[in-house]
Amino acid sequence: MKKNIKFVSILFFLILTFVVMFKGLDVSKDYSNEKLNSKIDFSFTAKKLFNDEIIILEDLFDQNGISVVNIWASWCVPCREEHKFLMNLKNMNIQVIGINYKDASKNAKDFLNLLGNPYSDIIVDKDGTKSIEFGAIGVPETIIINGKTNNIIKKFIGPLNTENVIEIKNLINETS
Amino acid sequence: MSNYFGNYSLYFALIASLYLIIKSYLVSNKALKYLDKNFILITSIQTLMITISFISLVFAFIYSDFSNETVFNNSHTLKPMFYKISGSWGNHEGSLLLWLLVLSVFLFIFLLKSGSQNIKYRVLTLLFQQIIIAGFLIFILLTSNPFNMIFPIPSEGLGLNPILQDPALAIHPPILYLGYVGTSIIFSASLASLITGNIGEAWARHIKKWVLVSWIFLTIGILLGSIWAYYELGWGGFWFWDPVENVSLMPWFCLTALLHTVVVLERRNLFKEWTIILSITTFSLSMSGTFLVRSGILNSIHTFANDPSRGLFILSFLFILILMALTIFFFNQNKSKGAIKESFIFSKETAILVNNWFMMFFLSVVLVGTIYPIFLEVLNGSKISVGPPFYHNLLIPFLIPFLVFMSFGPSLKWIKDNVRKFEFDLFVIFLISILISYFILIKSEKSFLLSIPLIILSFYLLIITIKDFFSKKSYLSQKVSHFGFSLLILSILLNSLFSFEFNSNMKVGDQRVFNDKIIILKDVIVQDIDNYKSLKANFEIKNKNTTIPLTPEVRIYQQPFTITSEAAIKTTLLSDNFLVFNILKDDGYYNIRYQYKPLMIWIWMSTILISIGGVLSILRRNEKKY
Amino acid sequence: MKHLKILILVINFLLNFNLAHASDLDLRVEQITKNLRCLICQGQSVYDSQSDFAISMKLVVKKKLEEGKEEKQIYEYLKSKYGEWIVYEPELNPNTFLLWSIPLILFIFGGLLIVRKVSIK
């Protein structure tokens, strides 16, 4: 009897392990923090790209509405791809705040002069530390922030596409 | 041409396997007087077939036959011949073929060497081993055939990850596999002996050789993996608690426990069930290792091509084998019940139980740490990292009692030893250890509280194991292995305490002062070599009266595009000077990382000593018993 | 759970308690970044990596230390940004309770088994 209980419990454990491993095969190995709604502390300062003015980040963000932040760099190839979608956002009167990530200021300006400037404001993140406050892993990333709570409500890792643009537009319409 | 040879001989091997499974199953119920000659004959033909298949693959690699998909994916005409050959088992398909080859060769040797054993036992071992062989053959033929053809034939291969072009890594998989696969024989043999009920002294003596062989190869395999990580990954570490490393360590703990237990079985006819459980677990862990590594279920530094259908196959196969083993164990358990003998608290038996106790604990830490994240992610979706701090927190405190036990356990007598009285010489040794530790720790900048007892105890153990060489109470093999182990622990401890490092960005002509050393970057030489561009930097590390020149290298490969750092390492008996550099985006600057790592070579040497002990034990002829 | 937490804290303290006390800023950055996973690398710590992400991360850790933040606060901060995946040492919570306790339970269980097998006489 005791033997049988042992056998059955080991068997049960074995089957459980099998099921878990079986499911584990399907779990994606790519990690993303897209679902993490972290809170952002806006009390730090940054330099603007075009006029070298130093500002506190709070001043840039809409305290009552939704803000869109895009992290980009002129050296980043996918950023070039997503640029036209950022222009779409601009044409829809959606303000996008740019964070210029580890870039040479001249290259960044040339990039915008050539392709157009979709941003309402651009701040410079020379050493990449400001992007970490936004939970960025690399470039490009687009982050939607709720100004009332300062929480990230949506995050897009990698270049934007048409669906993302629609999603962003809907998000903004919903809350306003 | 070689593709056809390789492919069809695998089918022949499968037919042989199925025939042997049916035949040996049918005869296993009968009373047998002698072993059917055909069994050995067919097994040898099967081994020959698999060997032909393996050699065909090696030939396809040597002659860069890109009509073979495996060769196309993993080789390149520009690669040096040595790495072309080692490339044949450096990939998924080839490595499985190697597994299979070792499986069948081991079975063949087993059949030849087990002549003195019970016939039924031999037939059953053959049966279980053939089930494993058939499983692997089907796996290879269905999901990972190394002889898939492509047409039209490409003119050039896709190259091989340059990080894998390293001599230690080229021989690391075969050695590790010899260890893994050796455990399959232990597994099959213990299931067979469960059924025949012949577990006892004679069986223990016979299976001990296989335990030793697997254990030696596994030890050396793990060592080579660490050496590769140290020289090639460029971070200066030799063990990262990476899941793929853990997977090789788990069967090692189990085998080490088994190695000790089997001695008790041999000498005292005790712990029968426990020996069988350990044998089954060891092989299950080796197989799980293959599953975890090859299915891509783990997050690891070491990338392997993966495909879910492969994972599913190994998983199912593994569970069928474990289920089979469990059923056989539970329904034949009673046959191996021995006379109940008591073990006394001061006896070698108990000491070995304690050894097993710790080995199982170490095993459970590594096992839980490796697979828990998978469970958690599947069951509730959260993703956690289990890294070095977890293992250190759980393992290091337990090392203290383990070292204490190891200092007196091995010298206890069988059956019953006397309670020791105060021994003056041990007390003196202990005092000496405290003194040495004191003088060492006082020089250290980071003397952690827990490292004080650890250092004292490992010095104590080291002296004790040296002293044991003069005693006549144990085998030389045991003395050497235990001495090696204490040396290993001590080297690792001192290495981690006294390593220091220095990071900086430098350009040519710069010099940096660090502690009492000056690091100078003299120049960087750029060269085009075969299939990569090489940047060699000439550094000088100046001390008060010595100058060490170090020339680390950065290699930029184009096919596929990879940048690797070749560390410059100057090894002496006392310490390693380790330097790597990387190219930075800012023009002209290089990131340098200099590390001073004491006693590195002793970590390698002591591990070799541990395995030499194993070799001595296999070679031992004299029947004197301790 | 509480006992285990205390036990782990004690062990942690013993393992990391440095008699010489690491006051050097760089050394503390080294200690912390060795416990952080570089999210864009394969199995490398932030300390060992030279990727853009890791370089910025090292600066952030240094900055936080200069602001007077404790090691634990820095981990909490980064976990809020990147999830628990970023730290190599899983914290003790209901999710990881079994992770920390299974080996210890097995150790106690094994000890009991041995005591039962062995006669004290």
Side-chain angles (χ1 to χ4, degrees), chain A residues 1-38 72-79 100-108 110-111 124-129 131 135 137-139 155 157, chain B residues 243 273 277 280-281 284 287-288 291-292 294-300 303-304 306-334 337 367 370-385 584-587:
Chain A
M1 192 57 204
K2 207 177 140 197
K3 203 174 89 180
N4 285 342
I5 295 173
K6 258 191 206 164
F7 183 66
V8 170
S9 50
I10 292 179
L11 199 65
F12 170 77
F13 185 71
L14 200 66
I15 292 168
L16 176 77
T17 316
F18 180 83
V19 172
V20 167
M21 290 296 160
F22 176 67
K23 296 230 163 176
L25 284 173
D26 281 339
V27 173
S28 158
K29 291 288 142 343
D30 301 321
Y31 179 72
S32 92
N33 58 349
E34 275 181 343
K35 297 231 164 60
L36 215 67
N37 303 325
S38 67
W72 65 286
S74 65
W75 48 261
C76 133
V77 182
C79 296
N100 187 225
Y101 180 82
K102 293 194 177 179
D103 213 347
S105 127
K106 185 181 171 302
N107 294 349
D110 288 349
F111 179 89
V124 176
D125 185 12
K126 191 83 194 148
D127 58 8
T129 54
S131 303
I137 292 170
V139 273
K155 191 167 188 186
I157 295 174
Chain B
E273 282 179 24
I277 293 174
I280 295 173
T281 316
S284 307
M287 278 284 288
S288 315
F291 163 70
L292 291 168
R294 292 289 161 200
S295 66
I297 199 168
L298 295 169
N299 284 287
S300 155
T303 43
F304 293 99
N306 52 62
D307 170 354
S309 71
R310 289 171 179 171
L312 185 61
F313 188 101
I314 313 182
L315 184 64
S316 313
F317 184 47
L318 172 64
F319 275 84
I320 290 170
L321 287 180
I322 297 179
L323 202 65
M324 179 180 84
L326 266 182
T327 320
I328 293 174
F329 179 76
F330 274 96
F331 290 97
N332 294 283
Q333 212 176 1
N334 295 335
K337 278 266 183 327
L367 181 67
T370 309
I371 66 169
Y372 192 84
I374 304 175
F375 270 75
L376 192 64
E377 193 169 6
V378 169
L379 296 177
N380 89 354
S382 29
K383 203 168 167 108
I384 57 162
S385 299
L584 285 180
K585 266 193 225 146
D586 301 331
D587 258 357

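Each chain gets a letter, A, B and so on, in the order its sequence line appears, and its residues count up from 1.
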Kindly determine whether B:F291 and A:L25 satisfy side-chain contact (heavy atoms from CB on, under 4.5 Å), including the steps that lead there.
-> CA-CA 11 Å; B:F291 163 70; A:L25 284 173; 4.2 Å; yes

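Distance CE/A:M21 to CG/B:L292: 6.0 Å, rounded to 0.5 Å.
The shortest side-chain heavy-atom distance between B:L323 and A:L11 falls under the 4.5 Å cut-off.
Considering every non-hydrogen atom in both B:F330 and A:I10, the closest pair reads CZ-CD1, 4.0 Å. The two atoms that bring A:F22 and B:L315 nearest to each other are N-CD2, 3.6 Å, heavy atoms only.
Most heavy-atom pairs under 4.5 Å with chain B: of the set A:N4, A:V20, A:L16, A:T17, this distinction falls to A:V20.
Neither the backbone nor the side chain of B:L318 comes within contact range of chain A, judged by heavy atoms closer than 4.5 Å.
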